[in-house]
Amino acid sequence: MIPASFDYVRAKSLRDALNAIGTDGTKVLAGGHSLIPMMRFRLAQPGRLLDIGQLAELKGIDLKGRGARIGAGTSYRELLDSPELAERYPLIAEATRGIGDVQVRNRGTIGGGLAHADPASDMPAVMLALGATFNLRSKGGKRSVAAADFFTGAFTTALASDELLIDIALPAPPKKAGMAYASFEQKASGYAIAAAAAVVTKSRKTITGVTLALTGVGDRAYLADASGAVGSHGDDAALEAAVANVTKGIDVNGDIHASVEYRSHLARVVARRAIALALSRAG
Amino acid sequence: MKRSIALSVNGVSHSVEVEPRALLAQVLRDDLNLTGTHIGCDTSQCGACTIHLNGRATKSCTVLAVQAEGAEITTIEGLAKNGALHPLQNAFWEKHGLQCGFCTPGMIMSAADLLASNGSPSDEQIRHAIEGNLCRCTGYQNIVAAIKSAASA
Ligand SMILES: Cc1cc2nc3c(=O)[nH]c(=O)nc-3n(C[C@H](O)[C@H](O)[C@H](O)COP(=O)(O)OP(=O)(O)OC[C@H]3O[C@@H](n4cnc5c(N)ncnc54)[C@H](O)[C@@H]3O)c2cc1C
Ligand code: FES
Ligand code: FES
């Protein structure tokens with residue numbers, strides 16, 4: 001199927017884009033790998049597309065200092081093509097390798113994935129676990145939103161209709177942290193039925209910190225409490241207990257791929273796997 | 001409303017009249033008669049429509065033709081040079097990497113993207129690289145063998 005009719009404008013500069021965004025019926029187009037499929041099914045019928053896909057201002061990875069800044073228009077392929085990024089944040093590379101397929105990763109952008117906020121997409125959980133901050137801009141000004149405040153529901157974020165996600169700022173990872181991504185994928189689409197991103201620190205054999213984020217489980221990616229693992233050695237029983245409540249307070253999604261009960265179970269499984277794997281890489 | 005855009009395909013610049021909603025796959029097939037690029041699904045999953053956009057394997061059913069203005073497009077028709085088949089085309093032939101052939105143009109374009117950055121891929125890397133291309137006939141074994149053989153050709 002082809003999309004319903006719309007008008008198309010290509011932004012020549014960031015300024016150009018900020019002037020054009022926010023007008024009635026305008027939708028931003030980056031890699032188009034979430035938006036175009038939705039338009040083909042007529043689930044989205046924007047009156048006008050503002051193409052930001054060519055803006056050099058939105059591309060690139062800056063690793064100066066101990067953190068990172070990633071342009072919203074950077075493709076998944078470009079993330080994977082940076083060994084420096086993979087070394088500092090192995091979690092990003094591990095999760096990105098599992099997104100769609102080569103063709104999808106060649107076109108899809110990190111900013112598009114975050115702004116789209118599909119409840120089953122991978123990058124939101126990674127950003128939560130790494131404590132990312134999103135820098136937004138409109139014609140009138142700029143503001144920063146923590147990843148933890150950005151995802152507000154299924155396909156909804158803190159972005160206002162006249163705002164663009166410009167880049168993502170990542171803090172330096174905790175010293176000697178281990179990181180891991182564990183996903184239980186829906187085989188045909190590759191999207192997560194449940195996936196977990198974990199960042200773990202330890203001192204000698206004892207876990208000293210765990211940050212855990214889940215995606216695919218509820219209507220949005222979220223930070224889950226696995227602090228019960230702190231102080232343990234990360235043996236099976238300790239991790240089992242630590243992840244027992246990771247879906248507490250979450251309205252777990254049930255669909256043709258997994259019932260509420262099964263998905264809740266998978267959430268605990270991927271959480272435990274991610275923490276155990278991260279622990280094995282810490283130190 | 002239709003607009004005139006310039007598309008650079010296989011090294012030749014074409015001027016075409018398209019609506020913004022026209023998908024690149026359709027324009028290649030219907031306006032430029034480059035029917036080697038196939039359309040096998042509605043869900044961006046099968047990969048039969050894979051072409052190169054600035055050298056990168058891309059599903060042309062999920063790109064608007066207007067988005068491709070200014071980019072270098074290569075289709076399966078652009079691989080053979082001076083009448084000589086591309087090593088991947090030869091290898092698919094030699095190794096029986098196709099049966100009905102519907103998936104083949106997309107498979108070859110994905111494989112060409114892989115070989116451009118990895119001259120001697122392992123079986124696992126090959127399988128990972130064609131994850132976005134579905135084949136209903138071969139069971140993939142001979143496709144992997146063909147790509148491997150092209151890499152060493
Ligand atoms: C076959 C297939 C398989 C896939 N599998 C996976 C998977 O396994 N895991 C996964 O996580 N994703 C998957 N995806 C989705 C893919 O990752 C998306 O391409 C990507 O997440 C969206 O990025 P994009 O640049 O294509 O965004 P677009 O489709 O261009 O835009 C998506 C949305 O974000 C908005 N937007 C884009 N950029 C900005 C910006 N800078 N500021 C404000 N708003 C913006 C757009 O207006 C739109 O609403 C898959 C897609 C396909 C087609
Ligand atoms: S036609 Fe199936 S992915 Fe493009
Ligand atoms: S050869 Fe028939 S689909 Fe692959």
Side-chain angles (χ1 to χ4, degrees), chain A residues 1-12 27-56 75-78 80-81 96-109 112 185-191, chain B residues 1-3 5 18-27 30 39 41-71 106-107 109-114 116-118 121 124-134:
Chain A
M1 245 174 57
I2 60 167
S5 292
F6 55 85
D7 193 17
Y8 170 89
V9 277
R10 191 184 283 194
K12 305 237 161 23
K27 190 100 181 121
V28 166
L29 177 70
H33 270 50
S34 289
L35 189 52
I36 294 173
M38 286 187 76
M39 290 171 65
R40 292 178 66 186
F41 285 121
R42 311 268 168 126
L43 294 170
Q45 301 197 10
R48 187 167 79 140
L49 289 187
L50 172 64
D51 188 355
I52 58 166
Q54 276 79 19
L55 295 183
S75 70
Y76 295 121
R77 168 77 172 252
E78 287 159 345
L80 289 176
D81 280 349
T96 304
R97 270 195 295 273
I99 294 179
D101 47 51
V102 175
Q103 295 97 315
V104 169
R105 294 191 293 272
N106 281 345
R107 292 292 294 170
T109 64
E185 291 182 353
Q186 200 270 314
K187 274 292 165 213
S189 78
Y191 278 97
Chain B
M1 224 178 47
K2 285 200 175 182
R3 60 178 72 196
I5 60 167
V18 298
E19 278 191 76
R21 63 176 172 161
L23 305 170
L24 181 57
Q26 294 174 302
V27 173
D30 301 346
I39 298 177
C41 74
D42 255 341
T43 51
S44 307
Q45 277 174 323
C46 76
C49 63
T50 302
I51 50 114
H52 287 186
L53 209 55
N54 294 328
R56 298 272 156 100
T58 300
K59 290 174 175 173
S60 61
C61 71
T62 314
V63 176
L64 304 170
V66 287
Q67 280 178 290
E69 190 171 26
M107 280 293 175
M109 297 313 283
S110 287
D113 185 350
L114 169 71
S117 58
N118 182 351
E124 197 192 330
Q125 287 169 327
I126 292 172
R127 286 179 187 275
H128 199 53
I130 57 171
E131 195 185 357
N133 295 78
L134 303 181

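Residue numbering restarts at 1 for every chain, and letters A, B, ... go by the order of the sequence lines. All of these numbers come straight from a predicted model, not from anything done at the bench.
- Ranked by heavy-atom pairs shorter than 4.5 Å toward chain A, the options A22(B), G47(B), C61(B) are led by C61(B).
- Both the backbone and the side chain of E69(B) have a heavy atom closer than 4.5 Å to some heavy atom of chain A.
- Heavy atoms of E19(B) lying under 4.5 Å from chain A belong exclusively to its side chain.
- With chain B as partner, the option from S5(A), G32(A), G190(A), G53(A) having the largest number of non-hydrogen pairs under 4.5 angstrom is S5(A).
- Atom CZ in R77(A) sits 5.5 Å away from atom OG in S117(B) (nearest 0.5 Å).
- For residues 97-105 of chain A, the interface with chain B (any heavy-atom pair closer than 4.5 Å) comprises R97(A), G100(A), D101(A), V102(A), Q103(A), V104(A), R105(A), sorted by residue number.
- Both the backbone and the side chain of T58(B) come within contact range of chain A, each with at least one heavy atom under 4.5 Å from a heavy atom of that chain.
- Annotation: maximal heavy-atom pairing with chain A below 4.5 Å, among L64(B), I130(B), T43(B), occurs at L64(B).
- The nearest pair of heavy atoms linking A57(B) to N106(A) is O-ND2, 2.8 Å.
- For the set Q26(B), E131(B), Q67(B), the count of heavy-atom pairs under 4.5 angstrom toward chain A peaks at Q67(B).
- If you measure heavy-atom distances from L29(A) to chain B, the contacts under 4.5 Å come from the side chain alone.
- Chosen from L23(B), V63(B), V66(B), the residue pairing most often with chain A at heavy-atom distances under 4.5 Å is V66(B).
- Heavy atoms closer than 4.5 Å to chain A are found in the backbone of C41(B), but not in its side chain.
- Between chain A and the residues Q45(B), K59(B), M1(B), the largest count of heavy-atom pairs under 4.5 Å involves K59(B).
- With a 4.5 Å cut-off on side-chain heavy atoms, R107(A) and L53(B) count as touching.
- Within residues 36-43 of chain A, the residues having any heavy atom under 4.5 Å from a heavy atom of chain B are, by residue number, I36(A), P37(A), R40(A), F41(A), R42(A).
- The CZ atom of R3(B) lies 5.5 Å from the CG atom of D7(A); values are rounded to the nearest 0.5 Å.
- The contact between T62(B) and chain A is made by backbone and side chain atoms together, counting heavy-atom distances below 4.5 Å.
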